[in-house]
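Taking it in order: structure first as structure tokens, then the write-up.
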2 protein chains.
Amino acid sequence: MNNTLQNRLSLKTQPSLEESATFLDNAVQENNCIIIIGCCSVKYEGRARSILQLGERVVFIKEDKALLIHRGRGYKPVNWQSSSSYISISLRGENLRIRSIRRQPREVIEITFTDIYTLLTFTLIDEGEFSLYVSERDIQRVLIKEPKLIEEGFTPLEFEKQIDPGFIDVYGIDSKGNLVVIEIKRAKARKEAVIQLSRYIRSIESTTERKVRGLLIADSITKSAHRMMKTLNLEFKSLDLNECADILKRFDDFQKKLQL
Amino acid sequence: MNNTLQNRLSLKTQPSLEESATFLDNAVQENNCIIIIGCCSVKYEGRARSILQLGERVVFIKEDKALLIHRGRGYKPVNWQSSSSYISISLRGENLRIRSIRRQPREVIEITFTDIYTLLTFTLIDEGEFSLYVSERDIQRVLIKEPKLIEEGFTPLEFEKQIDPGFIDVYGIDSKGNLVVIEIKRAKARKEAVIQLSRYIRSIESTTERKVRGLLIADSITKSAHRMMKTLNLEFKSLDLNECADILKRFDDFQKKLQL
DNA sequence: TGCTAAATCTCGAAC
DNA sequence: GTTCGAGGTTTAGCA
């Protein structure tokens with residue numbers, strides 16, 4: 001058997017709603033992906049409530065019963081349901097109704113189709129690995145590997161050090177023996193990052209007589225946050241994300257070699 | 001001319017990549033919606049970076065060039081680009097490449113197809129109104145209309161009162177003449193809501209000699225947030241969202257009647 | 001444009 | 001199961 005996607009895909013154009021109901025019910029039972037293009041209205045009730053009046057939309061149901069309702073514009077679905085919800089298909093008078101129910105929190109979506117133009121069901125074979133890099137966590141990894149990126153002579157003592165107000169990203173000593181509290185932000189740092197850092201410093205200062213420096217490492221910083229840092233006598237250091245990506249890549253390549 | 005969606009939709013099954021390129025290029029120029037089912041890999045570079053290895057996926061491009069790449073599971077797209085980005089289609093050796101570029105922040109997605117199984121392009125006619133209820137803003141509207149829901153004898157003075165740390169949701173006086181600072185959370189309130197409220201209270205207390213009460217109104221509250229409230233001597237009041245929805249509905253119906 | 005706070009936030013990890 | 005923090009958060013509103 002030739003297992004191309006073409007053989008795992010079926011298509012109906014202009015199906016009757018009766019035909020669609022049978023077809024959809026079957027596809028849902030078999031955990032297929034489903035794409036429906038048609039005219040529908042949508043009601044949602046759960047954490048909030050919404051009503052979407054009649055119009056043409058694309059409804060996408062996935063293998064795990066995740067459900068998306070998309071209009072012609074915008075990146076976000078107008079209505080949705082996350083996976084592990086229960087889906088039922090039924091005919092209601094002149095219409096076809098799809099109900100998706102999720103428990104915890106209880107949320108119900110009801111789609112009422114007056115017309116279905118195109119119906120696609122299929123399964124996707126997809127073992128491709130997805131890797132995202134240069135997250136805040138990745139920056140930490142880079143700084144663990146290359147503490148001199150923080151500053152020459154810096155010695156890290158702890159990462160994710162737990163204190164009362166939360167977790168200090170990096171905690172260590174500089175070349176002069178001062179304690180250093182470091183807060184990392186991957187993107188542009190704002191006031192709240194400065195507030196967070198100053199809270200950590202106050203907490204550390206209450207436990208020691210030594211001088212405590214506060215260092216915010218980020219891609220960049222907003223003006224008002226920078227002003228706040230100056231008045232609080234904190235330091236900002238920008239970090240080149242491309243450089244981090246390069247180091248990470250070299251590091252990961254090295255790790256892979258070790259595994260071979 | 002019969003303007004059903006069927007006449008605004010075209011479908012290709014098992015198109016060659018050359019054929020696909022022409023077809024897609026045209027669809028992109030004309031701001032059509034596009035759904036591609038096929039085998040592809042994806043590279044993303046922008047605020048972060050990611051690589052998605054080869055596998056079967058659904059790619060959805062909308063009228064406004066919003067782009068979604070979906071795998072067979074999960075509510076969220078594995079990669080995406082918001083609208084108003086630039087899209088280009090090209091053949092690269094044995095493959096078809098879709099590039100989506102966004103400025104500010106600069107982000108690039110590159111999809112490389114080795115196989116396209118199904119290609120759909122269409123336009124959606126969708127004038128249906130979307131209305132969402134019981135947002136935090138809606139709760140404020142309800143409390144403006146029915147201040148006794150806050151407590152008997154409460155008199156609101158200001159909504160969205162601006163002070164240094166931010167905006168106070170509701171500010172007023174209770175029946176005994178005490179000032180009351182109210183923070184509203186639509187869902188379950190967590191520690192951060194309590195911290196926010198206490199910041200507002202400290203700010204108000206610094207401007208007056210009068211007693212200042214702090215009241216958190218929310219659907220519910222986490223245990224640790226509740227403990228924090230007790231130690232800070234703040235008050236919590238739960239609010240029934242269904243009741244709010246009913247009041248809103250009655251209110252909106254009344255407004256509509258006035259407009260007639 | 002920058003900044004603040006909400007969101008049907010989602011997601012994952014720790015407790 | 002609950003809580004908490006981070007996110008390519010996204011998005012809306014306002015100075």
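Note on naming: letters A, B, ... go to the chains in the order of the sequence lines (proteins, then strands), and numbering restarts at 1 for each one.
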Inset, instruction - Not counting sequence neighbours, which residues clear side-chain contact (heavy atoms from CB on, under 4.5 Å) with B:Lys249? List them please. - result: B:Asp253

Legend entry - DNA chain D contacts made by residues 39-56 of chain B, counting heavy atoms under 4.0 Å: B:Tyr44, B:Arg47, B:Ala48

Inset, instruction - Under the side-chain hydrogen bond (donor to acceptor under 3.5 Å, both in side chains) rule, what do A:Arg71 and A:Asn79 come out as? Steps first, then yes or no, please. - result: CA-CA 9 Å; A:Arg71 307 183 81 169; A:Asn79 283 110; over 6 Å; no

Legend entry - Test ring-ring contact (aromatic ring centres under 6.0 Å, His included) applied to B:Tyr171 - qualifying residues, sequence neighbours left out: none

Legend entry - All salt bridge (charged side-chain N to carboxylate O under 4.0 Å, His left out) counterparts of A:Glu158, not counting sequence neighbours: A:Lys161

Legend entry - Strand-adjacent residues in residues 218-234 of chain A, judged by heavy atoms under 4.0 Å from DNA chain C: A:Thr222, A:Lys223, A:Ser224

Legend entry - DNA chain D-proximal residues of residues 66-83 of chain B, any heavy atom under 4.0 Å: B:Asn79, B:Trp80, B:Gln81

Listed pairs under 3.5 Å, donor-acceptor, residues 213-220 of chain B side chains, sequence neighbours left out:
| residue | atom | partner | partner atom | Å |
| --- | --- | --- | --- | --- |
| B:Arg213 | NE | B:Glu235 | OE2 | 2.9 |
| B:Arg213 | NH1 | B:Glu151 | OE2 | 2.8 |
| B:Arg213 | NH1 | B:Asp174 | OD2 | 2.7 |
| B:Arg213 | NH2 | B:Glu151 | OE1 | 2.9 |
| B:Arg213 | NH2 | B:Glu235 | OE1 | 2.7 |

Legend entry - side-chain contact (heavy atoms from CB on, under 4.5 Å) partners of B:Glu192, counting only residues at least two apart: B:Arg190

Inset, instruction - Scan B:Tyr200 against the nucleic acid and name what it touches under 4.0 Å (heavy atoms): base, sugar-phosphate only, or nothing. - result: sugar-phosphate

Legend entry - Listed partners of B:Ser85 passing side-chain contact (heavy atoms from CB on, under 4.5 Å), at least two apart: B:Lys65, B:Gln81, B:Ser100, B:Arg102

Inset, instruction - Taking ring-ring contact (aromatic ring centres under 6.0 Å, His included) as the test, write out the residues that go with A:Tyr75, two or more places apart. - result: B:Trp80

Please list, pair by pair, any protein nitrogen or oxygen found under 3.5 Å from a nitrogen or oxygen in nucleotides 13-15 of chain D.
none

Inset, instruction - Return no unless some side-chain N or O of B:Lys188 is found under 4.0 Å from OP1 or OP2 of D:dT2. - result: no

Legend entry - C1' spacing across the pair D:dG7 / C:dA7, given as an integer number of angstrom: 13 Å

Legend entry - Those residues that, when tested against B:Phe60, pass ring-ring contact (aromatic ring centres under 6.0 Å, His included) (two or more places apart): A:His70

